[in-house]
Amino acid sequence: MLLLWLRVLRRRFQHVPRRVPCRHSSRGAKASRAGWEERNKNSVKWKQLEHKGPYFAPAYEPLPDGVRFFYDGKPVKLSLAAEEVATLYGKMLHLECTTKEVFRRNFFSDWRKEMTAEERKVITHLDKCDFMEIHRYFMERTEARRTLPREQKQKLKEEAEELQQEFGYCILDGHREKIGNFKTEPPGLFRGRGDHPKMGMLKRRIMPEDVVINCSRDSKVPEPPSGHQWKEVRSDNTVTWLAAWTENIQNSFKYIILNPSSKLKGEKDWQKYEVARRLKGIVDKIRAQYQADWKSPEMKKRQLAVALYFIDKLSLRTGNEKEEGETADTVGCCSLRVEHVLLHEKADGQEYVVELDFLGKDSIRYNNRVTVEKHVFQNLQHFMEDKDPRDNLFDALTTASLNRHLQDLMEGLTAKVFRTYNASITLQEQLRVLTRAEDSITSKVLAYNRANRAVAVLCNHQRAIPKTFEKSMQKLQQKIEAKKAQVAEARVELEKVKADLRTLGDSKSKSLLQKERQLMKLEERLAQLHMQAADKEANKQVALGTAKLNYLDPRISIAWCKKFQVPIEKIYSKTQRERFAWAFNLADEDFEF
DNA sequence: AATCTAACTTAGTAGGCATACA
DNA sequence: TGTATGCCTACTAAGTTAGATT
């Protein structure tokens with residue numbers, strides 16, 4: 001107990017890098033020194049790093065006098081601290097999370113901590129709190145900003161740009177690089193995903209005193225805001241972050257990091273895909289091995305073989321253990337429980353069907369039925385025998401042991417590489433199947449999106465159905481109906497011209513040709529609309545962006561664009577092109593993943 | 001060997017913004 | 001010229017991995 005407490009204390013008040021010792025610290029044993037220096041040399045991320053430190057969220061601005069908080073029907077003037085937290089809740093009143101019991105309980109408990117003793121005595125039930133005026137005030141403010149005259153908006157934009165120029169860049173090894181997030185996160189109420197036990201807790205304001213600055217020794221050290229000081233200034237060139245602080249919800253670090261367009265990030269991205277390409281070279285061997293291991297007499301080996309099969313075939317995440325009660329209950333491959341698996345000897349006319357149904361990352365549901373080999377099926381039956389629904393399916397397996405095994409198979413191989421590999425190889429293959437050189441650019445882009453979608457489905461990248469989906473779908477249907485009518489009309493006209501032609505001779509043959517061409521065009525357009533509608537429906541719940549940004553080797557897409565003369569702008573937005581800048585010189589039209 | 005956790009990648013969403021449309 | 005629409009980006013939560021510690 002005491003030990004635990006000490007650990008918590010240390011976690012709270014120190015910020016000691018544990019992975020790589022500070023490069024200036026003296027080393028003990030001489031024998032380990034060479035190894036350390038070797039490792040350290042590889043892990044040096046920069047020689048020079050200079051920046052202005054984070055930009056802090058604006059101080060709290062008290063509510064104007066006309067905006068009141070009511071308790072039990074009576075207006076109550078809150079202390080500044082209590083008022084600030086009340087506004088955080090009031091702003092969110094229109095969101096569903098404020099109706100959730102856990103959210104309300106956590107919020108109220110944390111809010112009471114900010115109250116004066118006096119307030120705490122009076123405000124004892126959230127049900128009796130009325131934030132309506134606060135809510136209205138913030139909604140009106142948002143609305144006012146939205147309807148600001150053009151030149152005012154322009155001015156705000158310029159101010160934002162100025163801020164970006166001042167705080168949004170750093171110097172890294174002589175190059176001016178964009179920072180990803182140069183602002184500290186403002187205080188707010190924690191919005192976990194899914195059934196998060198901590199939703200509604202107060203995420204406290206970050207002060208300069210919380211922030212560790214990382215920059216090179218000889219650089220201009222950023223100035224803390226006046227009257228304040230940094231928690232620490234250090235110079236650790238084995239890490240890539242510029243500043244860091246501990247957040248109070250999970251007690252973990254938050255970092256100020258570089259933008260994906262930076263050289264450092266780009267190189268890392270390139271490396272990631274190179275590892276995945278190396279996997280391509282030995283994946284057959286790995287598959288053969290895990291298939292053989294399904295028959296191993298060792299339970300451990302069989303569990304590993306079946307888990308790896310899932311990771312490979314279904315592109316599941318590895319699935320680390322999580323501390324119960326600290327986060328939403330979600331799982332990945334290694335943390336699957338018996339309750340997440342259903343075995344069907346026969347289903348949908350197939351033998352050996354496995355049904356997986358669980359909440360994965362971000363509490364997104366994974367629900368899939370898949371036919372497996374008999375050995376896999378029998379192994380699963382065995383793994384589930386005499387277990388409770390809440391027991392782990394792979395009880396003899398951890399992510400660490402899995403990754404250790406993979407590391408032995410190939411340097412740099414970890415479980416997530418399979419996701420990258422399968423995603424990229426699927427894109428390449430689908431592009432090959434779906435692209436027709438003679439198609440229009442529009443059709444080719446459609447084909448690309450379909451290939452992208454195949455990957456997104458594989459990786460289970462979902463999104464909420466867009467709020468306007470039904471409406472815009474209806475609109476598209478109307479367009480289709482209108483086009484159908486046009487086609488019908490064109491047909492009638494064509495028939496009429498044909499009839500005229502028979503009675504009046506060939507004097508109108510030119511008009512016949514014209515009508516035929518017109519009909520064809522309309523039919524083509526109708527077919528296109530049908531395709532668009534089918535695509536829209538298929539995309540309803542599928543998020544394409546995640547795969548595009550994180551799993552698909554950009555060289556595949558760039559090569560495809562070059563080969564089929566599709567402008568890259570049709571595939572990548574401006575920021576995406578900046579992010580993938582590293583790939584443009586590395587991919588000619590016959591690049592193969 | 002198990003556990004912890006720093007540092008990094010991967011993830012969905014809200015809302016801003018540009019563009020199409022009336 | 002204002003409004004609806006759909007795309008894009010900022011934001012930040014939630015994963016993975018591996019070195020250090022116990």
Side-chain angles (χ1 to χ4, degrees), chain A residues 3-4 7-8 10-11 15-21 36 39 43 45 95 142 145-147 150 153 156-157 160 164 180-186 188 190-194 196 198-199 203 212 214 236 238-241 244 246-247 249-255 257-260 264-265 268-269 272 317-323 326-328 330-335 360-364 398-404 406-407 412-417 419-420 423 456 459-464 466-469 471-472 475 536 541 543-547 549-551 572-576 579:
Chain A
L3 260 176
L4 187 75
R7 215 174 286 149
V8 167
R10 190 182 57 191
R11 215 154 63 194
H15 184 115
V16 182
R18 311 178 96 196
R19 187 180 297 186
V20 183
W36 175 76
R39 253 176 289 131
S43 58
K45 306 293 193 331
L95 301 173
T142 314
R145 196 156 357 104
R146 205 176 59 78
T147 53
R150 191 176 292 266
K153 272 192 178 168
L156 284 176
K157 206 174 160 184
Q164 170 76 40
N181 57 327
F182 61 88
K183 294 173 181 169
T184 62
E185 293 172 20
F190 178 73
R191 305 244 265 138
R193 318 253 168 94
H196 202 296
K198 299 194 173 185
M199 65 169 83
K203 202 170 79 164
V212 180
N214 193 29
D236 182 355
T238 67
V239 296
T240 63
W241 52 266
T246 306
E247 53 89 38
I249 303 292
Q250 320 271 2
N251 234 282
S252 64
F253 286 110
K254 296 264 182 171
Y255 302 93
I257 55 171
L258 291 170
N259 186 271
L264 206 58
K265 290 275 189 192
K268 204 78 193 294
D269 211 28
K272 175 181 77 182
R317 292 187 191 85
T318 167
N320 287 293
E321 292 293 338
K322 303 166 77 188
E323 212 172 331
E326 294 291 300
T327 60
T330 62
V331 299
C333 184
C334 292
S335 50
K361 182 175 178 180
D362 292 300
S363 294
I364 297 292
T398 65
T399 53
S401 65
L402 179 81
N403 277 333
R404 247 186 334 263
L406 293 175
Q407 194 64 242
L413 185 60
T414 63
K416 81 188 182 89
V417 179
R419 253 166 103 79
T420 312
C459 295
N460 201 37
H461 292 143
Q462 298 191 30
R463 61 166 179 173
K467 283 187 185 69
T468 54
F469 182 84
K471 214 168 102 189
S472 66
K475 244 187 188 161
K536 199 183 179 77
Q541 295 198 73
L544 298 185
T546 307
L549 248 41
N550 301 301
Y551 289 102
Y572 289 139
S573 72
K574 184 166 157 282
T575 35
Q576 287 166 344
R579 179 193 185 103

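Here is how names work: the chains are called A, B, and so on, in the same order as the sequence lines, proteins then strands, and each is numbered from 1.
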Pick base, sugar-phosphate or nothing for [X], based on heavy-atom distances below 4.0 Å to the nucleic acid.
| X | value |
| --- | --- |
| A:Ala400 | nothing |
| A:Glu321 | nothing |
| A:Ser472 | sugar-phosphate |
| A:Thr330 | sugar-phosphate |
| A:Gly192 | sugar-phosphate |
| A:Ala415 | sugar-phosphate |
| A:Pro186 | sugar-phosphate |
| A:Gln576 | nothing |
| A:Gly180 | nothing |
| A:Lys203 | sugar-phosphate |
| A:Thr240 | sugar-phosphate |
| A:Asn320 | base |

Among [options], which nucleotide has an atom closest to any side-chain atom of [X]?
| X | options | result |
| --- | --- | --- |
| A:Ala543 | C:dC8, B:dG12, B:dA7 | B:dG12 |
| A:Tyr551 | B:dC8, C:dC8, B:dA11 | B:dA11 |
| A:Arg317 | C:dA14, C:dT16, B:dA7 | C:dT16 |
| A:Arg463 | B:dA6, B:dC8, B:dT13 | B:dT13 |
| A:Gln407 | C:dA18, C:dT9, B:dC8 | C:dA18 |
| A:Thr414 | C:dA14, C:dA18, B:dT10 | C:dA18 |
| A:Lys45 | B:dC8, C:dT12, B:dG12 | B:dC8 |
| A:Thr318 | B:dA11, C:dT9, C:dT17 | C:dT17 |

Steps toward side-chain contact (heavy atoms from CB on, under 4.5 Å) verdict (A:Arg579, A:Leu549): CA-CA 9 Å; A:Arg579 179 193 185 103; A:Leu549 248 41; 3.8 Å; yes
Check for a donor-acceptor pair, side chain of [X] on one end and backbone N or O of [Y] on the other, with a separation under 3.5 Å.
| X | Y | value |
| --- | --- | --- |
| A:Lys361 | A:Gly319 | no |
| A:Thr468 | A:Lys471 | no |
| A:Gln407 | A:Gly412 | yes |
| A:Lys322 | A:Ala328 | yes |

Between B:dC8 (C1') and A:Asn550 (CG): distance, integer Å: 12 Å
Euclidean distance, atom NZ of residue A:Lys574 to atom P of C:dT9 [Å, nearest integer]: 7 Å
Of A:Lys416 and A:Lys475, the one whose closest DNA chain C nucleotide lies more 5': A:Lys475
Contact nearer the 5' end of DNA chain C, comparing A:Lys471 with A:Asn403: A:Lys471
A:Lys183 side-chain N/O to C:dC11 phosphate OP1/OP2 under 4.0 Å: yes
Axis-to-axis angle between the two ends of the helix from B:dA1-C:dT22 to B:dA22-C:dT1 (five base pairs per end, rounded to 10 degrees): 10°
Plane angle bin for A:His196 and A:Phe190 - parallel if under 30°, tilted between 30 and 60°, otherwise perpendicular: perpendicular
Results of side-chain hydrogen bond (donor to acceptor under 3.5 Å, both in side chains) for A:Asn403 - residues two or more places apart only: none
Where protein sits on nucleotides 16-22 of chain B, one letter per nucleotide: B base, S sugar-phosphate only, - none, heavy atoms under 4.0 Å: S-S----
